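Report on one structure; see the data block that follows.
Model, not experiment: these values are computed from the prediction. Positions are given from 1, in the same order as the sequence printed here.
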Amino acid sequence: QVQLVASGGDLVQPGGSLRLSCAASGFTFTNYAMSWFRQAPKKERELVATIGGNGVSTRYADSVKGRFIISRNNVENTISLQMNNLKPEDTAMYYCNAVRSYFDYRNQFSWGQGTQVTVSS
């Protein structure tokens, strides 16, 4: 069965950095583009970043471009999100998932538990 386990969330001050990780299992990891999503209370789930199956192509939401970096390890079946210069508006529950394709971010599997990121002074 598919499992998507996000971790690394924490409370951090504005301007700080955090690195999130996602461990994936139960599917052929290298066949899928992978994405990070986030959802703040009472708001829609938002696509944050996507990385292609080969780990070369990346896309970012405008709100995080230049601050966040997505990466993947196809040996360990993990993806990471390095978050720099964090802002209060980055506060959300962060989730990872496989997506339909690099350009189609429909989630392919059920959502696992996310990891909470809180940016506050």
Side-chain angles (χ1 to χ4, degrees):
Q1 62 190 53
V2 172
Q3 290 195 309
L4 298 162
V5 183
S7 62
D10 207 347
L11 171 65
V12 63
Q13 294 185 22
S17 296
L18 208 56
R19 186 175 179 87
L20 306 183
S21 295
C22 172
S25 62
F27 63 98
T28 305
F29 184 74
T30 55
N31 285 355
Y32 293 89
M34 297 289 295
S35 293
W36 283 98
F37 298 81
R38 67 187 182 187
Q39 187 168 26
K42 301 180 181 180
K43 294 186 178 180
E44 295 284 297
R45 182 177 285 110
E46 174 188 21
L47 177 68
V48 177
T50 299
I51 186 166
N54 61 9
V56 176
S57 300
T58 58
R59 299 173 64 219
Y60 299 91
D62 288 343
S63 59
V64 307
K65 196 172 298 181
R67 299 188 297 119
F68 291 10
I69 301 171
I70 188 172
S71 60
R72 68 189 294 159
N73 186 322
N74 284 349
V75 175
E76 298 183 353
N77 288 184
T78 59
I79 63 168
S80 297
L81 186 69
Q82 178 65 47
M83 305 185 294
N84 300 316
N85 191 24
L86 283 160
K87 302 176 179 180
E89 50 263 44
D90 295 319
T91 296
M93 187 72 73
Y94 284 71
Y95 303 85
C96 59
N97 215 320
V99 291
R100 177 67 177 82
S101 74
Y102 181 73
F103 296 104
D104 183 346
Y105 56 86
R106 287 176 289 179
N107 60 293
Q108 296 300 283
F109 307 111
S110 298
W111 299 101
Q113 286 194 12
T115 186
Q116 179 68 40
V117 173
T118 302
V119 184
S120 177
S121 59

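- Every salt bridge (Lys or Arg N to Asp or Glu O under 4.0 Å) that Lys65 has, sequence neighbours left out, goes to Asp62.
- Taking every heavy atom of both residues into account, Arg72 and Ile79 meet most closely at CB-CG2, 3.7 Å.
- No continuous path of hydrophobic side-chain contacts links Val5 to Val48 [ILVMFWY only; heavy atoms under 4.5 Å].
- You'll find the side chain of Phe109 reaches within 4.5 Å of the side chain of Asn97, heavy atoms only.
- Put simply, the side chain of Asp10 does not reach to within 4.5 Å of the side chain of Val12, judged on heavy atoms.
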Show me the side-chain donor-acceptor pairs of residues 111-121 shorter than 3.5 Å, one per line, residues at least two apart or across chains.
{"unit_1": "Thr115", "atom_1": "OG1", "unit_2": "Gly9", "atom_2": "N", "d": "2.8"}
{"unit_1": "Gln116", "atom_1": "NE2", "unit_2": "Ala92", "atom_2": "O", "d": "3.4"}
{"unit_1": "Gln116", "atom_1": "NE2", "unit_2": "Thr118", "atom_2": "OG1", "d": "3.4"}

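- Applying the salt bridge (Lys or Arg N to Asp or Glu O under 4.0 Å) test to Arg67 and every residue at least two apart in sequence or in another chain returns Asp90.
- In this structure, CD on Gln39 lies 12.0 Å from OH on Tyr94, to the nearest 0.5 angstrom.
- Among pairs with a residue in residues 46-57, those fulfilling salt bridge (Lys or Arg N to Asp or Glu O under 4.0 Å) read Arg38-Glu46, at least two apart in sequence or across chains.
- Both Ile69 and Ile51 are members of a single hydrophobic cluster when ILVMFWY side chains are connected at heavy-atom separations under 4.5 Å.
- Chaining together hydrophobic side chains whose heavy atoms lie under 4.5 Å apart places Phe103 alongside Tyr102.
- Listed by first and then second residue, the salt bridge (Lys or Arg N to Asp or Glu O under 4.0 Å) pairs involving residues 102-117 are Asp104-Arg106 (not counting sequence neighbours).
- For the salt bridge (Lys or Arg N to Asp or Glu O under 4.0 Å) condition, no pair includes a residue of residues 107-121, sequence neighbours left out.
- Listed by first and then second residue, the salt bridge (Lys or Arg N to Asp or Glu O under 4.0 Å) pairs that reach into residues 112-121 come to none, sequence neighbours excluded.
- For Arg45 and Tyr95, the positive end sits near the middle of the six-membered ring, less than 6.0 Å away and at most 45° from its axis.
- Both Ile70 and Leu86 sit in one connected hydrophobic cluster of ILVMFWY residues. Membership requires side-chain heavy atoms under 4.5 Å apart, directly or through other members.
- Interatomic distance, CG of Asn77 versus CD of Gln3, reported as 12.5 Å (0.5 Å rounding).
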For residues 16-37, dump all side-chain donor-acceptor pairs below 3.5 Å to protein atoms at least two apart in sequence or in another chain.
{"unit_1": "Ser17", "atom_1": "OG", "unit_2": "Asn84", "atom_2": "OD1", "d": "3.0"}
{"unit_1": "Arg19", "atom_1": "NH1", "unit_2": "Gln82", "atom_2": "OE1", "d": "3.3"}
{"unit_1": "Ser35", "atom_1": "OG", "unit_2": "Thr50", "atom_2": "OG1", "d": "2.7"}
{"unit_1": "Trp36", "atom_1": "NE1", "unit_2": "Ser80", "atom_2": "O", "d": "3.3"}

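- Annotation: side-chain hydrogen bond (donor to acceptor under 3.5 Å, both in side chains) contacts involving residues 51-61, sequence neighbours excluded, are absent.
- Contacts classified as disulfide bond (SG atoms under 2.5 Å apart) and involving residues 31-90 (residues at least two apart or in different chains) are not found.
- Shown here are the salt bridge (Lys or Arg N to Asp or Glu O under 4.0 Å) partners of Glu89, two or more places apart in sequence or in another chain: there are none.
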